[in-house]
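Shown next, in structure tokens, is the structure this report addresses.
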4 protein chains.
Amino acid sequence: MNEYSFIKSKRRFVISTKAKTGEKYHRILEAAVSVFAKQGFYQTTISQIAREAGVADGTIYLYFKNKDDILVQFFTYKAKQVFAGFRKEVDKAGNAIDKLRNLVHRHLEEFQKDRNMAVVYQSLTHQHLDIVEDNIREMSKMYLDIVADIVERGQEEGAMRRDLYLGLVKRFILGSVESAINTWLYSKRKYDLVSMTDPLIDLFVRGIGNYEQQ
Amino acid sequence: MNEYSFIKSKRRFVISTKAKTGEKYHRILEAAVSVFAKQGFYQTTISQIAREAGVADGTIYLYFKNKDDILVQFFTYKAKQVFAGFRKEVDKAGNAIDKLRNLVHRHLEEFQKDRNMAVVYQSLTHQHLDIVEDNIREMSKMYLDIVADIVERGQEEGAMRRDLYLGLVKRFILGSVESAINTWLYSKRKYDLVSMTDPLIDLFVRGIGNYEQQ
Amino acid sequence: MNEYSFIKSKRRFVISTKAKTGEKYHRILEAAVSVFAKQGFYQTTISQIAREAGVADGTIYLYFKNKDDILVQFFTYKAKQVFAGFRKEVDKAGNAIDKLRNLVHRHLEEFQKDRNMAVVYQSLTHQHLDIVEDNIREMSKMYLDIVADIVERGQEEGAMRRDLYLGLVKRFILGSVESAINTWLYSKRKYDLVSMTDPLIDLFVRGIGNYEQQ
Amino acid sequence: MNEYSFIKSKRRFVISTKAKTGEKYHRILEAAVSVFAKQGFYQTTISQIAREAGVADGTIYLYFKNKDDILVQFFTYKAKQVFAGFRKEVDKAGNAIDKLRNLVHRHLEEFQKDRNMAVVYQSLTHQHLDIVEDNIREMSKMYLDIVADIVERGQEEGAMRRDLYLGLVKRFILGSVESAINTWLYSKRKYDLVSMTDPLIDLFVRGIGNYEQQ
DNA sequence: AATGAATGAGCGTTCATTCAT
DNA sequence: GATGAATGAACGCTCATTCAT
């Protein structure tokens with residue numbers, strides 16, 4: 001359902017799809033993400049978001065049910081869209097290793113492209129707020145499923161070991177990529193995050209053990 | 001310095017080492033961590049902590065400067081102590097791979113032993129709160145330095161590849177372990193986290209690539 | 001500068017001149033002064049002021065930075081304005097004695113007109129609160145300077161003794177007037193305070209000694 | 001009645017005369033006055049008084065019913081005793097003018113001798129707290145009665161004008177002396193307050209008018 | 001008598017949310 | 001739709017007072 005309706009004490013609000021595609025809706029959402037990135041969700045006030053968006057406090061409630069809803073919308077309309085692009089990117093490659101490389105590459109690329117989104121996403125996925133738990137779980141599952149598909153295919157191709165605990169491997173890969181993103185987000189010198197793709201893939205595939213020389 | 005003193009407008013508090021070793025200090029700290037784990041720092045009220053600890057609201061201020069200080073103490077006295085034990089565990093092993101195994105083993109063991117601590121630690125290390133940023137940075141560095149030492153030693157031993165980007169490897173290992181911990185923390189079925197040690201080490205060392213069979 | 005701005009942790013307030021001339025600003029200020037007069041500054045709660053003003057507690061913070069600021073505004077915008085009128089009144093008279101009479105007359109008149117202001121002013125000028133010390137010092141100096149000018153002129157006119165310790169005389173006159181005001185404020189029967197003008201001037205000028213009859 | 005008893009929830013306290021003459025009672029009272037002088041009654045905490053007195057917080061409640069009672073005791077036992085000495089001093093002089101001089105001299109002397117007492121007395125007599133209103137009224141009356149007696153005697157002696165409004169004259173004299181005291185209390189340079197006696201008497205008796213030269 | 005840890009009522013202040021304009 | 005002044009519930013924190021030791 002692309003419609004979002006609810007009852008409040010006296011009125012019936014219907015925040016329509018049309019509203020969501022409006023210019024102000026996006027301005028407020030971007031403003032919110034920008035302030036959340038700087039200060040965190042709970043330290044951010046509606047007034048700050050309004051000021052950053054250049055609208056009045058009350059205007060925000062024409063586009064969002066409440067403060068929590070801004071976060072929900074962030075995951076529902078912004079982050080989810082980014083994650084939806086991952087599957088397509090993976091499909092472009094012909095073998096498992098390349099698919100994994102494409103996934104990681106796109107992941108790093110998108111997060112580098114929108115730093116505010118990256119900060120908020122990384123921060124909130126570790127806070128386990130009831131508000132957005134479902135959204136995050138869904139997106140996380142989407143990602144892990146992609147990885148699982150890739151690894152299974154890699155095993156069929158003979159490019160990946162068959163004695164892997166798939167549940168662990170999925171998290172291992174996601175955790176490593178997120179760790180690389182976090183390092184980049186909070187490092188002083190702003191290097192190119194996307195260039196981490198190959199070194200990461202190399203670690204995933206070959207590990208740190210020295211087998212070649214034996 | 002093992003003493004923690006500060007000025008309040010009208011009073012000079014010295015929350016002594018003695019107070020910190022007192023029964024109530026620990027009772028409040030455990031209660032706080034327990035509630036933080038359930039609700040997060042900002043959604044937790046002093047009253048909730050007091051109720052959980054079985055003391056009056058005001059009593060908390062006999063042991064902690066303010067709400068923020070509870071978090072600071074958590075990192076300064078509780079989490080840091082856990083991390084301090086890691087180095088000792090690493091020293092017990094004779095070679096790099098075993099050292100890495102000991103580190104991961106102890107890490108998983110400690111976090112499994114104290115679930116509340118684990119939740120709060122994992123949550124807060126990703127929130128970048130000014131309050132505890134220094135503490136977290138210090139503990140993180142402590143951990144990453146241990147890993148770096150292990151990897152360098154592993155390279156000298158010939159057990160680990162020499163063509164590794166050390167900065168990335170450190171984060172890669174920490175990120176993977178933390179990812180495994182998070183998975184465990186929020187999975188429905190409570191399996192044994194410590195048993196993840198060997199599979200993780202195996203992934204680190206051998207990677208997911210299928211080289212042996214070629 | 002007629003603007004009053006300050007920083008709050010998250011917001012920048014500018015309580016503008018416009019806000020100060022607004023109806024609610026004055027309503028709250030009057031309510032506050034009224035409650036301060038009855039109970040004193042420290043025994044007065046924000047809730048009491050809000051109730052007296054017929055607004056919500058939070059509304060007060062739209063017009064005043066904090067509780068202290070209400071007091072500061074009282075001195076800066078209310079009391080100071082009263083004192084500023086004194087100089088004009090003094091200028092209307094042609095000789096020193098009449099100037100003194102005009103000063104005392106206006107003083108008693110203003111304080112009789114606004115009893116709450118009088119109580120708060122008389123009470124706070126003797127408490128030496130850091131918050132308003134500067135304001136009070138300034139107003140007091142304004143008053144004492146007027147008296148000093150009058151006395152010096154009186155000496156030139158030959159109407160006042162030349163062997164006077166000016167520093168003492170200024171305080172002597174101010175102290176006497178304030179004493180008369182206090183007596184009136186707390187006497188059971190409400191007589192006309194302004195009618196005390198001539199008896200006071202008579203005491204200042206002729207003293208209590210019986211020289212004429214000698 | 002020199003006994004002071006009351007009921008509290010569970011116990012009957014009797015703070016006896018003996019306790020009042022004890023060393024600790026005075027130490028606490030002096031400490032309290034010292035802190036009140038620096039910070040004012042409402043900004044002073046029991047802890048501060050206890051620390052200044054070198055006793056535990058709870059000890060204060062062995063000698064005083066509550067915080068308010070410290071103020072009551074200050075007026076009942078300390079200030080009143082000072083004022084009681086005034087009458088004796090006045091009696092030593094043979095004529096009205098000298099009696100007035102003795103009164104003012106002793107007043108300035110006592111207040112100069114104990115600056116903390118002076119600050120607290122001057123501050124609290126203008127605050128009209130319910131707690132001590134009766135005490136202050138009584139002391140004030142004692143003082144004003146002395147002045148009234150002196151002036152009446154002066155009129156009989158022919159040394160003072162007969163056309164005086166006695167009620168005003170009393171306040172005029174008290175107000176002037178208190179004004180001189182306040183000036184001294186808050187002036188930067190610490191001159192000799194007692195030396196103000198003769199100039200003050202001169203102002204009272206002869207006024208500021210220039211009659212001699214006419 | 002003396003202590004000081006513990007209490008909890010009470011206050012100042014913030015800020016998400018509403019609604020008259 | 002847009003505004004922003006107004007609201008009041010909720011929170012962190014203080015401190016006078018108690019009471020077990």
Side-chain angles (χ1 to χ4, degrees), chain A residues 8-11 13 19 22 24 42-51 54-70, chain B residues 8-11 19 22-25 42-50 54-70, chain C residues 8-11 19 22-25 42-50 54-70, chain D residues 8-11 13 19 22 24 42-51 54-70:
Chain A
K8 263 295 162 89
S9 53
K10 289 180 173 175
R11 268 213 236 181
F13 287 86
K24 241 169 215 175
Y42 286 105
Q43 291 94 295
T44 295
T45 69
I46 292 289
S47 282
Q48 287 178 307
I49 297 171
R51 200 175 322 124
V55 301
D57 292 19
T59 303
I60 289 178
Y61 290 86
L62 297 175
Y63 296 90
F64 299 88
K65 192 175 23 166
N66 52 34
K67 194 183 167 191
D68 286 0
D69 189 43
I70 302 178
Chain B
K8 264 295 171 71
S9 51
K10 292 181 176 173
R11 222 197 232 255
E23 182 238 353
K24 239 166 218 170
Y25 172 80
Y42 287 107
Q43 292 96 292
T44 296
T45 69
I46 291 290
S47 285
Q48 287 176 311
I49 297 172
V55 300
D57 290 20
T59 303
I60 290 178
Y61 292 89
L62 297 175
Y63 297 90
F64 300 89
K65 198 181 7 174
N66 51 36
K67 195 184 165 192
D68 285 1
D69 189 43
I70 302 179
Chain C
K8 264 294 172 71
S9 50
K10 290 179 177 174
R11 222 198 233 254
E23 183 238 354
K24 240 166 217 170
Y25 172 80
Y42 286 106
Q43 291 97 292
T44 295
T45 68
I46 292 291
S47 286
Q48 287 176 312
I49 297 172
V55 300
D57 290 20
T59 303
I60 290 179
Y61 292 88
L62 297 176
Y63 296 90
F64 299 89
K65 197 179 10 170
N66 51 35
K67 197 185 165 191
D68 285 1
D69 189 42
I70 302 179
Chain D
K8 263 296 165 83
S9 53
K10 288 182 175 174
R11 267 212 237 185
F13 287 85
K24 240 167 216 175
Y42 286 104
Q43 291 95 293
T44 296
T45 68
I46 291 289
S47 282
Q48 287 177 307
I49 298 172
R51 202 175 322 124
V55 300
D57 291 19
T59 303
I60 289 178
Y61 290 85
L62 297 174
Y63 296 90
F64 299 89
K65 192 174 25 165
N66 52 36
K67 195 184 166 190
D68 286 358
D69 189 44
I70 302 179

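Every chain is numbered from 1, with letters handed out A, B, ... down the list of sequences. Worth saying up front: this structure is predicted, and the values here are computed from it rather than measured.
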Separation of atom CG in C:D68 from atom P in E:dT13, rounded to whole Å: 7 Å
5' precedence on DNA chain E between C:K67 and B:I60 (nearest-nucleotide basis): B:I60
Gap between atoms CD1 and P, on D:I49 and F:dC15 respectively (whole Å): 12 Å
Length of the line joining B:Y63:OH and E:dG4:C1', which is rounded to integer Å: 11 Å
Minimum heavy-atom distance A:Y61-A:N66, with the two atoms named: CE2-CA, 3.9 Å
Nearest-angstrom distance from the residue atom OH of C:Y61 to P of F:dA5: 18 Å
Gap between atoms NZ and P, on C:K24 and E:dA20 respectively (whole Å): 13 Å
Sugar-phosphate, base or nothing in reach of D:I46, heavy atoms under 4.0 Å: base
Heavy-atom pair with the smallest gap, counting every atom of C:I46 and C:K67: CD1-CG, 3.8 Å
Dot-bracket line, read 5' to 3' along DNA chain E, where crossing pairs take [ ] and | marks a partner on another strand, Watson-Crick or G-U under 3.5 Å: .||||||||||||||||||||
Plane angle bin for C:Y63 and C:Y25 - parallel if under 30°, tilted between 30 and 60°, otherwise perpendicular: tilted
Minimal non-hydrogen separation, D:Y42 against C:Q43, with atom names: OH-NE2, 2.7 Å
When you compare the protein's N or O atoms with those of nucleotides 8-10 of chain E, which come within less than 3.5 Å of each other, and at what distance?
| from | atom 1 | to | atom 2 | distance (Å) |
| --- | --- | --- | --- | --- |
| E:dG8 | N7 | B:G58 | N | 3.4 |

Heavy-atom closest contact (A:K24 atom, A:T59 atom, distance): CD-CG2, 4.3 Å
Whole angstrom value for the distance that separates P of F:dT14 from OH of C:Y42: 16 Å
Rounded distance (Å) that lies between atom P of E:dT14 and atom NZ of C:K65: 11 Å
Minimum heavy-atom distance D:I60-D:A50, with the two atoms named: CD1-N, 3.7 Å
CD1-CD1 distance between D:I49 and D:I70, expressed to the nearest 0.5 angstrom: 4.0 Å
Rounded interatomic separation in angstrom, taking CG from A:L62 and P from F:dG1: 5 Å
